[in-house]
Amino acid sequence: MGNTMADGKPGKDPAIRDFGLDYEIMIGCEIHCELLTKTKAFCACENRYGGMPNTRVCPVCLGLPGAMPVVSREYVEMGAIAGMALDCEINRFTKFDRKHYFYPDLVKGYQITQYDIPLCKNGRVKINTAPPSAAPVWKEVRIERIHLEEDVGKSLHIEGAHSYIDYNRSGVPLIEIVSRPDMSSPEEASAFMQTLREILRYIGVTDGNLEEGSMRCDANINVIIRDGGKEYRTPISEIKNMNSFKWIRDACRYEANRQIAEFVEKRAAGKDLSFDPGYKNTMGWDEAKGETVVQRTKNSFVDYRFVVEPDLKPFYLSEEFLASARSKVGERPQEKRDRFKAEFGLSDFDAATLTAERALAEWFEAAAAKSKEPKKTANWVVSEVLAAVNEKNTDTAAALASLAVTPESLAGLVNCISDKTITGKQAKEVFAEMLAGGESAEAIITRRGMKRVVDPAVIASIVDEVFAENPKAVEDFRGGKTNVEAWLVGQVMKKSRGQADPQEAAALVRRKLR
């Protein structure tokens, strides 16, 4: 993930120019995540991406006079599930508030959100800060709060022409996950969002589709600089609306460089190095130029005129409601990895690969439950099944569901190898047929007469035939041509149509030659 020292502390990022200064980067993230509810947050409009602009709207999500919102139970439950998955405390009493600001995509002129009593608080998540090939180095990032809020519309800009607003997204249920400023490198910020996305997709509350904007990150970054016995803090920059792990890393890296360089320039010019703690830059990331761009600056408190949402009553969450939400969290990715390694003896790589998607982990576990050798089953899933899934060019769950090979049939194939019914080489041929027609391994082996011969007496008779048919080869071996032994074994395998157990055939040929 980044430059990590042996003691687990972050090392200096070689892409950040420090000018010989002692510095420390501080990054906190606000992750906006759309939830996979059937309807929008406060109305019955369908919650789905895309479609003809302004067709999935109603008086409620358009904020028309007299329209009354109603809280979706599924919305609150998914928010609670997300909070529990991130080890948060859940507030039994909570409410909604109005946040007022004016922007074209905010049709009502206010956003329904949560202000002082968020649904979730005081959570934590562990991120791996080690490079991919190294042993994991874990760092805990604190979650300050998770609150519920509605999404706004989407601005559509046509270059050189006009701007339009599509309100289909207006009222889509969101959670905003606010971290503490615990990340000390751009790589850690990127890892934080990757980890959150993995967990939240795993528990089924979001599809985490970055391209569609299902998850977006605002990163707050500043730098503590120690110079001449004094400590200085650069103004915070909030980099808005990033929906790429690479963008998060690159934008935070650029901004850290910019802030340090600006400090050095001020110091060289003899300017005041202190700053107004209320000052804050709101930035955008220009991927094409590879730089952050100032969108606006704040040097005073922004009054959003928060008020309690008058159309939605504050509410209590019952113990039954929380118990139901808790039962839906399930096993989180790292917990599943640890169990797979302990239970099935998998390597870090195999465990990470098999748990990258919940659908894949469940598919493998169903196969392992029927298999005599779960570790060998894991090897087949990682190498052969995933190759077949990737060829389908669709999401993993859909690809696995459409695969002609089921978990049970793969387990049957692995068991045939374990029982020495077929060789590993034959198994690949059988697997290809299973993929093509959905037939079981046992049926294909029987139909093609591929069952391995393991009876020593039967193999010995084939060896005798090979020796009788190739007296010159035997004579050559005894004359010093030792490579003839492998050739004779090959002839035995050929004569048995590949069904003879290779180890037994080799042992019998070796014994007969001596």
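The aromatic ring centres of Phe364 and Phe340 sit less than 6.0 Å apart. For Phe263 and Tyr23, the ring centers sit 6.0 Å or farther from each other.
At a threshold of 4.0 Å, the pair Arg124-Asp182 does not count as salt-bridged, since none of the basic side-chain nitrogens sits closer than that to a carboxylate oxygen. Taking 4.0 Å as the cut-off between side-chain N and carboxylate O, Arg258 and Glu291 do not count as a salt-bridged pair. For Lys271 and Glu265, the salt-bridge test fails: no basic side-chain N is under 4.0 Å from an acidic carboxylate O. The pair Asp116-Lys95 meets the salt-bridge criterion, with a side-chain N (NZ, NE, NH1 or NH2) lying under 4.0 Å from an Asp/Glu carboxylate O. Under the 4.0 Å criterion applied to side-chain N and carboxylate O atoms, Glu77 and Arg73 are not assigned as salt-bridge partners. Using a 4.0 Å cut-off between charged nitrogen and carboxylate oxygen, Arg339 and Glu335 do not count as a salt-bridge pair.
Looking at Gln111, its side chain never comes within 3.5 Å of a backbone N or O of Val152 through a donor-acceptor pair. Here the side chain of Thr353 pairs a donor or acceptor atom with the backbone of Phe349 at under 3.5 angstrom. Checking side-chain atoms of Asn168 against main-chain N and O of Arg56 turns up a donor-acceptor pair under 3.5 Å. Looking only at distances, no side-chain donor or acceptor of Arg17 sits under 3.5 Å from a matching main-chain atom of Ala261. The closest donor-acceptor contact from the side chain of Asn91 to the backbone of Cys120 lies at 3.5 Å or more, if one exists at all. The closest donor-acceptor contact from the side chain of Arg92 to the backbone of Leu317 lies under 3.5 Å. With hydrogens and angles ignored, the 3.5 Å screen pairs no side-chain donor or acceptor of Glu255 with any backbone N or O of Ile221. Of the possible donor and acceptor atoms, none in the side chain of Asp286 sits under 3.5 Å from a partner among the backbone N and O of Thr292. A donor-acceptor contact shorter than 3.5 Å links the side chain of Tyr75 to the backbone of Glu149. A donor-acceptor contact shorter than 3.5 Å is absent between the side chain of Asp22 and the backbone of Arg226.
The number of heavy-atom neighbours closer than 6.0 Å to OH of Tyr103, taken from other residues, nucleotides and ligands shown, is 12 or below. The number of heavy-atom neighbours closer than 6.0 Å to CZ of Phe315, taken from other residues, nucleotides and ligands shown, is above 12. Crowding of Lys99 atom NZ: a count of heavy atoms from other residues, nucleotides or ligands under 6.0 Å exceeding 12. In Lys341, the NZ atom is crowded: over 12 heavy atoms of neighbouring residues, nucleotides or ligands sit closer than 6.0 Å.
Judged by distance alone, the side chains of Thr234 and Glu262 never bring a donor and an acceptor atom under 3.5 Å apart. Under the 3.5 Å distance criterion, with hydrogens and angles disregarded, a donor-acceptor pair is assigned to the side chains of Thr37 and Asn47. For the 3.5 Å distance criterion, the side chains of Arg197 and Gln194 fail to qualify, holding no donor opposite an acceptor. Side-chain contact annotation: Glu140 with Trp138, donor-acceptor N/O pair under 3.5 Å absent.
Note on ring orientation: taking the six-membered ring where Trp is involved, the planes of Phe96 and Phe42 are perpendicular (angle over 60°, cut-offs 30° and 60°). Note on ring orientation: taking the six-membered ring where Trp is involved, the planes of Tyr110 and His100 are tilted (angle from 30° to 60°).
If you run side chain to side chain contact (heavy atoms under 4.5 Å, CB included) between Gln259 and each of Val264, Asn281, Val223, only Val223 comes through. Tested against Arg216 for a salt bridge (Lys or Arg N to Asp or Glu O under 4.0 Å), the candidates Glu176, Glu30, Glu34 yield a single pass: Glu34.
Nearest heavy atoms, Val107 versus Ser170: CG1-OG, 3.9 Å. Listed here is the closest heavy atom pair of His157 and Ser163: ND1-OG, 2.7 Å. The minimum heavy-atom distance between Met242 and Met193, with the atom names listed, is O-CE, 4.3 Å. For Lys40 against Cys61, the heavy-atom pair with the smallest separation is NZ-SG, 3.4 Å. Taking each heavy atom of Ile203 and Ala82 in turn, the nearest pair found is CD1-CA, 3.9 Å.
Two residues are said to be in side-chain contact when any heavy atoms from C-beta on lie closer than 4.5 Å; Gln334 and Glu198 fail this criterion.
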